[in-house]
Protein chains: 2
Amino acid sequence: MRASGGAVPEGYDKYAFEPFAVTVDLAVLTVRAGALQVLLVERGAEPYAGRWALPGGFVLPRESAEEAARRELAEETGLSDLTGLHLEQLRTYSEPDRDPRMRVVSVAFAALLPDPPEPHGGGDAARAMWQPYDELGPLAFDHDRILADAHERVGAKLEYSCLATSFCPPEFTLGELQHVYETVWGTALDRPNFRRKVLATPGFVEPVPGAARLTGGRGKPAALYRAGGAKALHPPLLRPTS
Amino acid sequence: MRASGGAVPEGYDKYAFEPFAVTVDLAVLTVRAGALQVLLVERGAEPYAGRWALPGGFVLPRESAEEAARRELAEETGLSDLTGLHLEQLRTYSEPDRDPRMRVVSVAFAALLPDPPEPHGGGDAARAMWQPYDELGPLAFDHDRILADAHERVGAKLEYSCLATSFCPPEFTLGELQHVYETVWGTALDRPNFRRKVLATPGFVEPVPGAARLTGGRGKPAALYRAGGAKALHPPLLRPTS
DNA sequence: TTGACCATGGTCAGTACGACCATAAAGGGA
DNA sequence: TCCCTTTATGGTCGTACTGACCATGGTCAA
């Protein structure tokens with residue numbers, strides 16, 4: 001039988017309208033307090049009551065998975081302006097027993113937020129909060145795997161795309177940008193070499209005219225940059241091979 | 001509400017069991033007769049009757065999307081030995097109106113076959129056949145976009161993975177391997193340079209002991225190689241930037 | 001025998017990258 | 001006030017990699 005068309009052949013009718021629930025799961029990442037952090041919600045009901053889980057929810061009949069993800073993220077974080085936010089579809093998890101109650105097919109997304117607010121914790125979630133990626137206990141369902149896939153995908157995309165600027169506020173220093181790479185990859189980078197690579201890539205970043213950051217920071221004030229127009233990095237900025 | 005858990009909140013019950021059909025769509029690619037070819041089926045019923053479409057079908061209640069894709073591919077091609085076949089999950093297409101009859105959420109996969117057989121064309125498909133990627137008319141549903149995404153993904157993965165060997169028979173020459181790259185990317189590559197890169201990458205290919213291809217081919221017989229143990233290419237084999 | 005054709009080996013200059021060193025500009029503490 | 005630490009920025013230098021070539025070797029067909 002064909003995926004999205006054709007008459008339903010003999011023997012398939014009883015399956016075609018099997019109640020598959022379709023949901024979205026969100027791996028919302030940010031770089032805060034020098035660490036990679038994840039937005040998690042505490043489950044209030046069985047199964048996995050009291051465990052932490054990725055935020056998410058059902059896809060409504062008249063919206064796409066992307067729209068559902070954006071709606072759930074807005075409800076969870078309380079952010080109203082999610083335009084321009086990077087939402088990356090990871091993959092779809094469809095193992096029959098991933099939810100013990102019923103058949104749930106979940107489309108997973110990764111979202112990157114700069115300088116995020118404290119989450120509301122509303123809805124049916126007992127609590128919602130940011131937690132450091134490296135200090136997580138086991139999550140509910142298969143969310144450990146989803147989160148690991150999100151981390152791997154984001155780490156890989158940093159190499160050949162301008163994604164890192166999505167972790168930064170609209171104006172940022174090269175030190176902050178480097179910090180994003182170091183935090184996601186878990187490695188230290190040479191500052192002058194990083195600088196040379198970034199500035200040599202056309203369209204990655206562009207300087208803010210006549211501005212320099214002064215307050216607060218120790219050391220020499222750094223120049224401010226904005227995200228450039230480029231989407232891909234040529235050549236890529238590869239992770240250390242070690 | 002949570003994606004895969006928690007009680008269904010007020011107002012959501014009527015949506016949770018909305019009959020979302022979940023299907024798989026397959027972009028099956030091969031390199032044949034010097035061109036990139038795609039496995040397509042002709043639709044026999046409305047909508048899009050008579051148009052070509054990607055093979056695929058419903059996910060059954062007790063199987064994952066990956067298992068459904070493998071099953072559909074076996075049914076379509078008649079191949080019994082699909083172990084070791086590379087099946088790459090592309091993404092999920094969930095726009096509400098992508099199928100005019102009902103709400104269908106489709107998980108798309110890309111599959112790579114070396115030297116494939118003629119397809120059966122059985123099932124409910126009127127016909128099934130290989131067609132050159134560059135000479136396709138508009139496909140049914142959103143399959144044009146799925147196929148374009150598959151092409152882009154495969155092209156990108158050739159750069160930093162050993163995926164190209166999946167297009168080749170178990171033993172192949174470096175000329176055949178280069179032909180895969182040239183066909184998928186649509187560019188010509190310098191033969192000595194390609195050779196140098198591939199042989200310098202540990203684990204990409206390994207020579208078949210004491211064998212050389214003689215028959216049939218014009219010119220000097222080429223050495224035979226097998227796929228090596230590596231999965232990723234370090235450093236990557238980048239497309240020409242032009 | 002000759003030439004077309006393909007596989008294979010090698011050269012060479014430009015470039016990119018990693019590992020450094022050096023300088024500039026700010027704040028903090030003695 | 002004078003260091004000293006901290007961070008940003010600029011530069012060097014040798015190695016490795018890449019792209020553009022040229023050259024040779026082996027096989028088949030005309």
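Numbered from 1 within each chain, the chains take letters A, B, ... in sequence-line order. These numbers come from a predicted model, not from an experiment.
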**Asked** What nucleotide, of C/dG9, D/dT27, C/dA25, holds the atom closest to the side chain of B/P221?
**Response**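 Of the candidates, D/dT27 comes closest.
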**Prompt:** Which nucleotide, C/dT8, D/dC17, D/dT9, lies nearest any side-chain atom of B/P192?
**Reply:**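 Given the options C/dT8, D/dC17, D/dT9, the side chain of B/P192 is closest to C/dT8.
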**Prompt:** B/G175 or B/R196: which one's nearest nucleotide on DNA chain C is closer to the 5' end?
**Reply:**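 Counting from the 5' end, the first nearest nucleotide belongs to B/G175.
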**Message:** Going by salt bridge (Lys or Arg N to Asp or Glu O under 4.0 Å), name the residues that satisfy it together with A/R226, two or more places apart in sequence or in a different chain.
**Reply:**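 For A/R226 the salt bridge (Lys or Arg N to Asp or Glu O under 4.0 Å) partners, ignoring immediate neighbours, are A/E171.
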**Item:** Results of salt bridge (Lys or Arg N to Asp or Glu O under 4.0 Å) for A/R196 - residues two or more places apart only
**Value:**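 A/R196 satisfies salt bridge (Lys or Arg N to Asp or Glu O under 4.0 Å) with no residue once adjacent residues are dropped.
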Please report, rounded to the nearest Å, how far the [atom2] atom of [N] is from the [atom1] atom of [X].
{"X": "B/F194", "N": "C/dC6", "atom1": "CZ", "atom2": "C1'", "result": "15 Å"}
{"X": "A/L177", "N": "D/dT7", "atom1": "CG", "atom2": "P", "result": "17 Å"}
{"X": "A/E159", "N": "C/dC17", "atom1": "CD", "atom2": "C1'", "result": "15 Å"}
{"X": "B/N193", "N": "C/dC12", "atom1": "CG", "atom2": "P", "result": "15 Å"}
{"X": "B/L189", "N": "C/dT8", "atom1": "CG", "atom2": "P", "result": "16 Å"}
{"X": "B/D190", "N": "C/dA7", "atom1": "CG", "atom2": "P", "result": "13 Å"}
{"X": "B/K197", "N": "D/dA16", "atom1": "NZ", "atom2": "P", "result": "15 Å"}
{"X": "B/L224", "N": "C/dA7", "atom1": "CG", "atom2": "C1'", "result": "12 Å"}

State whether [X] places a side-chain N or O below 4.0 Å from either non-bridging phosphate oxygen (OP1 or OP2) of [N].
{"X": "B/R195", "N": "C/dG9", "value": "yes"}
{"X": "B/R218", "N": "D/dA29", "value": "no"}
{"X": "A/R191", "N": "D/dA8", "value": "yes"}

**Prompt:** Does A/Y225 have its ring centroid less than 6.0 Å away from the ring centroid of A/F172?
**Reply:**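 They do not qualify: ring centres at least 6.0 Å apart.
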**Item:** Position toward the 5' end of DNA chain D (nearest nucleotide), A/K220 or A/L199
**Value:**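 Its nearest nucleotide lies further toward 5', so the answer is A/K220.
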**Message:** Whether the side chain of B/S64 engages the backbone of B/E67 through a donor-acceptor N/O pair (distance < 3.5 Å, no angle test) should be reported.
**Reply:**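 Indeed, once roles are kept as given, a pair shorter than 3.5 Å links the two residues.
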**Asked** Of all heavy-atom pairs between B/G155 and B/V184, which one has the smallest distance, and what is that distance?
**Response**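 Answer, listing the atom of B/G155 first, then B/V184: CA-CG1, 3.9 Å.
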